[in-house]
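Right, I'll just put the structure down here and ask away after.
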Protein chains: 2
Amino acid sequence: MDQVICTVDVVLLTLKEQRLNVALLKRDREPYKGVAALPGGFIHAEEDGDARDAALRVLREKTGIDAPYLEQLATFSGPARDPRGWSVSIAYTALVHDEVIEKAAHPDVKMACVDRKLSLPFDHKAIVDTAVARLRSKSQYSSLPCYLLGASFTLPQLQRVYEALLAEPINKVSFRRKMTEMAMLESVDGEMEAGGAHRPAQLYRLKPEYRDQLRLLERGL
Amino acid sequence: MDQVICTVDVVLLTLKEQRLNVALLKRDREPYKGVAALPGGFIHAEEDGDARDAALRVLREKTGIDAPYLEQLATFSGPARDPRGWSVSIAYTALVHDEVIEKAAHPDVKMACVDRKLSLPFDHKAIVDTAVARLRSKSQYSSLPCYLLGASFTLPQLQRVYEALLAEPINKVSFRRKMTEMAMLESVDGEMEAGGAHRPAQLYRLKPEYRDQLRLLERGL
DNA sequence: TTAATAGTGTCTGTTAGACAGTATGGG
DNA sequence: CCCATACTGTCTAACAGACACTATTAA
């Protein structure tokens, strides 16, 4: 049997000031010791139930973040991507609200804007690019961007998230029609957004059944 | 380092009489020797450039089919899916025209309709279901179904493929507008579909630049 | 000519976007 | 009151689907 190294990597994304950021971690061992890279690690056959469990474990151990929205991205493989030998990395995308990362406040985790030129070890740049492209693509026709916000949020906030991801303004009336069509939100009564000198916006949250399951539109935004 | 078995599996799909069929191969070794399963095998670190190469190699060795449309589906993993131990299978979907399979005429390959109840070893049923769901979903907004036809085909043929995959009739005028919008086809001049006592249909083929690259619609069919 | 299917012009209903109006908070 | 932003009603433009009409072949 040919020896193949089997790892998972996590592209942990969040929005900071309307810009997509990815979590990078200073590597604590060779190869690339001390270099910022995606949180990742070997699959532990004795403890991990599957690759997804491994990704959740790695994220918890390395960043202190627990149970984010997580979906499999793709698997990257080949003899050259890791100097230790022929390797497979099952990559996952995790989406969290900015606050989750700030609360975890892990000292070795640095957020980097994905629009900047990133210089990353292994093929991590390609993995990040794939994750970002997938997120932006799915934002056109799904509820995925909701996971970049907290437990409750207003429609104007959500629209700004979609607009940041799609990098284009969205018609307010159409946006609201589409959110109604997706029928994934329920209003949180009585609670309104605090803040400015203006009418406060209604708060919403994902219906429980869609907390882990995407909602799709027949026709995109 | 924990020992993880690293394999690839291929869901080779084709349309036979407007029904999606998957290629199954009688296994020639344990486990499940003699049982029909997806074509698959171990990654060979010395010869495979990456997992995709492994999938192409496996498909060529086991079915005689070379260079089909191939895309990564997902990776399946866990301690229980293979009796030999904790395993990872990087699954690929291959699409080919029915004739390609008939010409290969591999004696151990049997096509099975995916709508029938399939009893498959490992987690191959789940892999097939995932591949079929992905294909049907992408058929709503992409050129993917083209790869289930040969090098050239007519628009009525292509529409029947879309209708078979989506399991619903499509408006002819809209369908043609959408194909024009995708702008992935070029007419094959002078050549017409032979056959019935009626006006023959114009033949088209994928433009060279889209032979291996999907074309997407802004808004689905 | 008829039958059968290919391909198109056009009308209509549906949907998306523009715009302007009302609603509701703070100052 | 004013301003700012949330929300909504409604008009218009764009698009999708229905339908009918023409085109082209074989018998």
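Model, not experiment: these values are computed from the prediction. Quick note on labels: first sequence line is chain A, next is B, and so on, each numbered from 1.
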Do other residues, nucleotides or ligands put more than 12 heavy atoms under 6.0 Å from the CG atom of B:Asp212? no
Can you tell me if CD on B:Glu218 sees more than 12 non-hydrogen neighbours from other groups inside 6.0 Å?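 Incorrect, the count does not exceed 12.
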Grab the N/O contacts between the protein and nucleotides 23-27 of chain D below 3.5 Å, and write none if there aren't any.
{"residue": "D:dA23", "atom": "O4'", "partner": "B:Arg199", "partner atom": "NH1", "Å": "3.3"}
{"residue": "D:dA23", "atom": "N3", "partner": "B:Arg199", "partner atom": "NH1", "Å": "3.4"}
{"residue": "D:dT24", "atom": "O2", "partner": "B:Arg199", "partner atom": "N", "Å": "2.9"}
{"residue": "D:dT25", "atom": "O2", "partner": "B:Ala197", "partner atom": "O", "Å": "3.3"}
{"residue": "D:dT25", "atom": "O2", "partner": "B:His198", "partner atom": "N", "Å": "2.9"}

Enclosure of B:Glu209 CD (heavy-atom neighbours >12, cutoff 6.0 Å):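 Result for CD/B:Glu209: enclosed.
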A:Met182 CE to C:dA16 P: how many Å, rounded? 12 Å
Test: B:Lys178 and B:Glu181 ion pair at under 4.0 Å: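 Looking at B:Lys178 and B:Glu181, the cut-off is met.
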Tell me the interatomic distance from B:Phe175, atom CZ, to C:dT8, atom C1', rounded to whole angstroms.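 Taking CZ of B:Phe175 and C1' of C:dT8, I get 16 Å after rounding.
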Do B:Val96 and B:Ile65 come within less than 4.5 Å of each other through their side chains, counting heavy atoms only? yes
Are A:Asp115 and A:Arg136 close enough for a salt bridge, meaning some N to O gap below 4.0 Å?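 Yes, charged N to carboxylate O under 4.0 Å.
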B:Arg211, CZ atom: more than 12 neighbouring heavy atoms under 6.0 Å: yes
Would you say B:Lys207 has more than 12 foreign heavy atoms packed within less than 6.0 Å of its NZ? yes
In whole angstrom, what separates B:Arg176's CZ from C:dA6's P? 8 Å
Here the residues of residues 156-172 of chain A within 4.0 Å heavy-atom distance, strictly under, of DNA chain D are A:Pro156, A:Lys172
Before giving the answer on ring pair (Phe, Tyr, Trp, His ring centres under 6.0 Å), spell out for B:Tyr162 and B:Phe175 the whole-Å C-alpha distance, their side-chain angles and the decisive distance to 0.1 Å. CA-CA 9 Å; B:Tyr162 272 90; B:Phe175 180 77; 5.3 Å; yes
Near DNA chain C, under 4.0 Å by heavy atom, which residues of residues 135-153 of chain B?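 Output list: empty, so none.
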Rounded interatomic separation in angstrom, taking CG from B:Leu185 and P from C:dA6: 16 Å
Rounded (10°) bend between the five-pair end axes of the helix from C:dT1-D:dA27 to C:dG27-D:dC1: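 So the angle between the two local helix axes works out to 10°.
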Could you check how far CD of B:Glu218 sits from C1' of D:dA16, rounded to whole Å? 16 Å
With B:Ser77 as partner, the option from A:Asp50, A:Asp48, A:Asp53, A:Val8 fulfilling side-chain contact (heavy atoms from CB on, under 4.5 Å) is A:Asp50
Side chain to side chain donor-acceptor pair (under 3.5 Å) with B:Lys138: which residues, sequence neighbours excluded?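 Checked B:Lys138 against side chain to side chain donor-acceptor pair (under 3.5 Å); matches are B:Glu71.
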If you count every heavy atom of other residues, nucleotides or ligands that lies below 6.0 Å from A:Asp108 atom CG, does the total exceed 12? yes
Protein N or O to nucleotides 9-15 of chain D N or O, pairs below 3.5 Å:
none

Has the side chain of A:Arg52 got a donor or acceptor atom that lies under 3.5 Å from a matching backbone atom of A:Gln72?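 Looks like no, no N/O pair under 3.5 Å.
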For B:Asp66 and B:Arg60, which heavy atoms make the closest approach, and how far apart are they?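 Distance-wise, the nearest heavy atoms are OD1-NE, 3.0 Å.
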For atom CD of B:Glu17, decide whether the heavy atoms of other residues, nucleotides or ligands shown that lie under 6.0 angstrom number more than 12.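 Atom CD in B:Glu17 is not crowded, with 12 or fewer foreign heavy atoms closer than 6.0 Å.
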